Undergrad: 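For reference, the structure I am asking about is given below.
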Amino acid sequence: MNFDYKKYPVTAGVIGICILVYCYTTVKYGFEMNAYQGIRAGGFNPILVLAGNQYWRLISANFIHFGIMHIFCNCYSLVNLGSVMEYLLGMKRYLIILIASALATTILPTVFYILTGNGASSIMGGISGAIFGLMGALLALAWKFKDVYAYLFKQISSSVLLMLLISILVPSISLSGHISGMIGGFIATLLIIKFMPLRIWKKKKPENYHNLVN
């Protein structure tokens, strides 16, 4: 897919913020950050959020990345999946889902920590939770409108399963953040379907999206 930033302003904007933040942290800490540097750069930790009243970390953590491969993989995923979802949903709905997913990525682990005490030592960062939120959004669309979006979700289902498996097997990747982002995107999309419906959802006419995801 050829990415035209003018057609996908929200996706381009999010990628731009991530790149700018990464350039800043690279100048300050180098190409790779450790956990301590990640905290100083705005990473998420539930104790700092609650005990330190540093609620801004719920947002800032989504835009920091710990290394070149980290930001490359996330930005590449946004170029592919993000542009497709922005095209399907329109800028306003897409932005709502991105924000809901990003907040869920950090808020739900904070709630989990309050309830269980788990995650006290976790350091989280990256836009991947919001990307999982887009996957959750597409799952919600495929569930509600099988004749329109089921094929599109099947195209990315293998990638979703692979990313979830990697999240489980690699200790440094936040499984809780990814799952939380997916839940946020799924719920936000169900609310959008109810309160901000598109004409195609009402008509439920299938369209050919076979070539949107590469």
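In what follows, residues are counted from 1 in the order of the sequence shown. Worth saying up front: this structure is predicted, and the values here are computed from it rather than measured.
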Undergrad: For K7, check side chain to side chain contact (heavy atoms under 4.5 Å, CB included) against everything at least two apart and list the hits.
TA: D4
Undergrad: In chain order, what residues pass the side chain to side chain contact (heavy atoms under 4.5 Å, CB included) check against L191, with sequence neighbours excluded?
TA: I187, F195
Undergrad: Can you list the residues that meet the side-chain hydrogen bond (donor to acceptor under 3.5 Å, both in side chains) rule with R57, with sequence neighbours excluded?
TA: Q54
Undergrad: Testing the basics here: between C75 and I19, what is the closest heavy-atom pair and its distance to 0.1 Å?
TA: SG-CG1, 4.4 Å
Undergrad: Could you tell me which residues satisfy side-chain hydrogen bond (donor to acceptor under 3.5 Å, both in side chains) with T25, sequence neighbours excluded, listed by chain and number?
TA: none
Undergrad: What pairs of residues pass the side-chain hydrogen bond (donor to acceptor under 3.5 Å, both in side chains) test when at least one of them lies in residues 26-37, not counting sequence neighbours?
TA: Y24-K28
Undergrad: Is there a side-chain contact between I114 and F112 (heavy atoms, below 4.5 Å)?
TA: no
Undergrad: Using the test side chain to side chain contact (heavy atoms under 4.5 Å, CB included), find all partners of A61 that sit at least two apart in sequence or belong to another chain.
TA: F44, T106
Undergrad: Applying side chain to side chain contact (heavy atoms under 4.5 Å, CB included), name anything that partners A104, two or more places apart in sequence or on another chain.
TA: L108
Undergrad: Is any side-chain heavy atom of F153 closer than 4.5 Å to a side-chain heavy atom of L141?
TA: no
Undergrad: If a pair satisfies side-chain hydrogen bond (donor to acceptor under 3.5 Å, both in side chains) and one of its residues is in residues 123-134, list it, with sequence neighbours excluded.
TA: S128-H178
Undergrad: If you compare all heavy atoms of A120 against all heavy atoms of N45, which two are closest, and at what distance to 0.1 Å?
TA: O-ND2, 2.8 Å
Undergrad: Once side-chain hydrogen bond (donor to acceptor under 3.5 Å, both in side chains) is applied, what residue pairs with a partner in residues 59-69 remain, sequence neighbours excluded?
TA: H65-N74
Undergrad: Residues in side-chain hydrogen bond (donor to acceptor under 3.5 Å, both in side chains) with Y94, at least two apart?
TA: T11
Undergrad: Which pair of heavy atoms, one from P46 and one from T110, lies closest together, and at what distance?
TA: CB-CA, 4.5 Å
